[in-house]
Amino acid sequence: MKAKWISGILSMMLLLGLAVPASADETRQIEDESIYDVLVDRYFNKQLANDFEVNATDPSAFNGGDFAGLSSEILHINDMGFTVLSIGSVFASATYDGKEVIDYSQFERHFGTEEDFVDLLETVHENEMKLMIDIPTQQLSSQHFWLKDNPEWFIENEDGTYALDTANPDVQDALIEVVSGFIQQYEIDGLRLQETEKLDTGFITRFSEEIKSVRDIYLIGDAEMEPVEGLDAVVLPGVEETLRNSYKNFDQDTSGLPELMENAEGKLIQADSLRGSRITSDIVEAQGFPPTRMRLLFTQLLTMPGIPVVQYGSEIAMNGKSLPESHQLLNMAVEKELIDHIKNLNSLRNSSEALRTGELEVIHEEDGWLIYKRSNDEETWIIAINNSSSTRNFTISADEIGSDKQLQGLFENDIVRQEANGDYKITLDREIAETFHVIDERGFNKAYIAALIVLYVVFMIFLWVVWKKGRQRRADEAAKTANEKQGEN
């Protein structure tokens, strides 16, 4: 019991020592970021003045979220440790998700005014995060004002919306002009091209060159695809399917995870998507328990190579099989256990270059029992995920992590020490994930124990001094009382 208590204190001290706030440090590259993906309309309704025909009970209608709501509740995102806030499209639109743009030169009135957007941008930067917005081009409204004057720019979709022909030079000129003007006026930090897989690659390259000549900001895609010149990152092909299939329940086939991780460097990684269903719907269908499933999933997502993108509501296991059901209003009055787990993992990732961009080595993968190493010249981490229905163990040789080391577990309070034969044996109960920090063997923390002893001794001396002064005061009062009585006699 005492050993468990001491190891718990040590783990807490290590977590506190590593935890750092999210940072908008300009030296950070896209590989260092973690992205929180939100729809303005579905986050938080702060101002009633912009609630034009809002209906919070209709999942396909505007529900009332606005820029002011994001500003007022920014700490929810900042506390979880995300470094980039992606807020979707902000332009005048016929739909709550901003895709059916009507006018690129106007803010969507349901979201608020220009002043509200500037206030949000400043709030994000004050909280040391970066702000990213979406650029929709493939499902524009039939009321888009370009359509009347330039119908040849558009291709009509089956649902009555319109797609810009991004191979058309005039379309390219118009988009570059409007977006360049936007980033000149508002110092946002990134853009995401929506439905990137449908865009002309020549447009992407030219758009990137022109935009980055105005200011060097992030430009990413939202689709699973191969890298395209001009994009800083695209979504890793197969990432959603592989992660979902691996973690929707225990005892799943995880054989695809090693290859996924080996190809993830520099790619966007996610298990949810605002383009479709939520992983929670897969979990429920497989009769899994969402909080446990998501805890294991987030352990992998925030410690494997790649740039994690987490959709709003994933932290509360939001459900939804299709749009707009998967775009529910965010409920912040929920159990915080999963939110705290994300916070701790992001804190580790933000403080550890090895967890962000270090080397990857998959040590073991079999029947849901996954162990991998992230390391650089300064530090080494061992991540163990037991996504099976039984307790598992695995022995790691000293050749993997060195001799005279110990593996300090940060979440389950486990310490793995080198055995007599030189090996390290990791044991985890079913459906448990642990992140181990490899440090030099130190046995008991002598400095910490010595500090506790000193504190105890100082406290006992303090009690003795107080007791002695109290005793002296009572003696003085008794003597004074005796003298007064003697004087009266």
Side-chain angles (χ1 to χ4, degrees), residues 8 11-12 15-16 18-19 21-22 34-39 42-44 73-86 129 239-240 243-244 246-250 252 269-274 277-304 306 308-321 325-350 355 368 370 383-387 409-414 428-435:
S11 294
M12 183 179 67
L15 274 171
L16 291 174
L18 288 170
S34 56
I35 302 172
Y36 186 81
D37 198 7
V38 68
L39 295 173
R42 300 300 158 96
Y43 189 72
F44 188 75
E73 302 298 323
I74 200 75
L75 288 181
H76 172 70
I77 304 166
N78 191 40
D79 283 349
M80 286 190 290
F82 292 100
T83 62
V84 177
L85 171 59
S86 174
M129 293 187 293
V239 64
E240 285 191 41
L243 289 176
R244 285 174 180 238
S246 298
Y247 289 104
K248 62 186 178 182
N249 210 338
F250 53 80
Q252 301 297 302
I269 52 173
Q270 58 191 38
D272 265 345
S273 171
L274 296 184
S277 67
R278 297 288 187 142
I279 187 175
T280 304
S281 66
D282 294 1
I283 295 171
V284 172
E285 186 175 333
Q287 299 183 326
F289 182 58
T292 300
R293 306 282 86 230
M294 296 297 284
R295 185 180 179 89
L296 299 182
L297 172 62
F298 273 117
T299 299
Q300 168 144 18
L301 191 70
L302 295 174
T303 60
M304 67 178 277
V309 184
V310 175
Q311 287 65 36
Y312 86 100
S314 296
E315 70 273 25
I316 60 170
M318 183 178 288
N319 203 348
K321 198 166 186 63
E325 181 192 9
S326 56
H327 291 171
Q328 301 170 27
L329 275 168
L330 181 63
N331 179 10
M332 296 185 184
V334 295
E335 174 60 45
K336 289 188 60 181
E337 184 177 349
L338 183 57
I339 295 173
D340 288 340
H341 187 58
I342 296 170
K343 174 182 178 179
N344 289 335
L345 287 167
N346 254 332
S347 294
L348 293 179
R349 189 178 186 277
N350 290 338
L355 283 177
L370 177 67
I383 295 89
I385 304 174
N386 180 7
N387 188 31
L410 299 186
F411 299 105
E412 301 299 323
N413 296 333
D414 291 328
L428 285 186
D429 290 336
R430 58 172 292 175
E431 298 184 90
I432 291 293
E434 182 60 290
T435 302

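- Scanning all heavy atoms of the two residues, the minimum distance from Leu297 to Ala271 falls at CD2-CB, 3.7 Å.
- Not one N or O on the side chain of Glu285 forms a donor-acceptor pair closer than 3.5 Å with the backbone of Ile283.
- Note that OG1 of Thr83 is 7.5 Å distant from CD1 of Ile35, once rounded to the nearest 0.5 Å.
- A pairwise comparison of heavy atoms in Leu428 and Ile432 identifies CD1-O, 3.6 Å as the closest pair.
- For Tyr312, the ring-ring contact (aromatic ring centres under 6.0 Å, His included) criterion is met by no residue, not counting sequence neighbours.
- Under the ring-ring contact (aromatic ring centres under 6.0 Å, His included) criterion, His76 pairs with no residue, sequence neighbours left out.
- Among residues two or more places apart in sequence or in another chain, the side chain to side chain donor-acceptor pair (under 3.5 Å) test is passed with Ser246 by none.
- A distance-only check finds a donor-acceptor pair linking the side chain of Asn346 to the backbone of Met80 [under 3.5 Å].
- In this structure a side-chain-to-backbone donor-acceptor pair under 3.5 Å is missing from Arg349 to Leu355.
- Closest approach of Leu338 and Glu315 over heavy atoms only: CD2-O, 3.4 Å.
- Within the 3.5 Å criterion, the main-chain N or O of Val239 finds no donor-acceptor partner in the side chain of Gln270.
- Between the CD atom of Glu337 and the OG1 atom of Thr292 there is a distance of 8.0 Å, given to the nearest 0.5 Å.
- Shown here are the side-chain contact (heavy atoms from CB on, under 4.5 Å) partners of Thr299, two or more places apart in sequence or in another chain: His341, Leu345, Ile383, Ile385, Ala433, Thr435.
- The closest donor-acceptor contact from the side chain of Asn386 to the backbone of Asp429 lies under 3.5 Å.
- Between Leu329 and Met318 the shortest heavy-atom distance is O-CE, 3.9 Å.
- Residue Phe82 comes nearest to Ser34 through the heavy atom pair CA-OG, 3.5 Å, listed as atom of the first residue, atom of the second, then distance.
- Annotation for Glu412 and Glu434: closest pair N-OE2, 2.7 Å, computed over non-hydrogen atoms.
- The side-chain contact (heavy atoms from CB on, under 4.5 Å) test applied to Glu73 returns Tyr43, Phe44, Met332, not counting sequence neighbours.
- Judged as a side-chain contact (heavy atoms from CB on, under 4.5 Å), and not counting sequence neighbours, the contacts of Asp282 are Arg244, Lys248.
- The line from CG of Leu39 to CD of Gln311 is 10.0 Å long, rounded to the nearest 0.5 Å.
- Atom-to-atom distance recorded for Ser326:OG and Asn319:CG is 9.5 Å, nearest 0.5 angstrom.
- A donor-acceptor pair is defined here as one N or O able to donate and one able to accept, closer than 3.5 Å; no such pair exists between the side chain of Asn387 and the backbone of Leu296.
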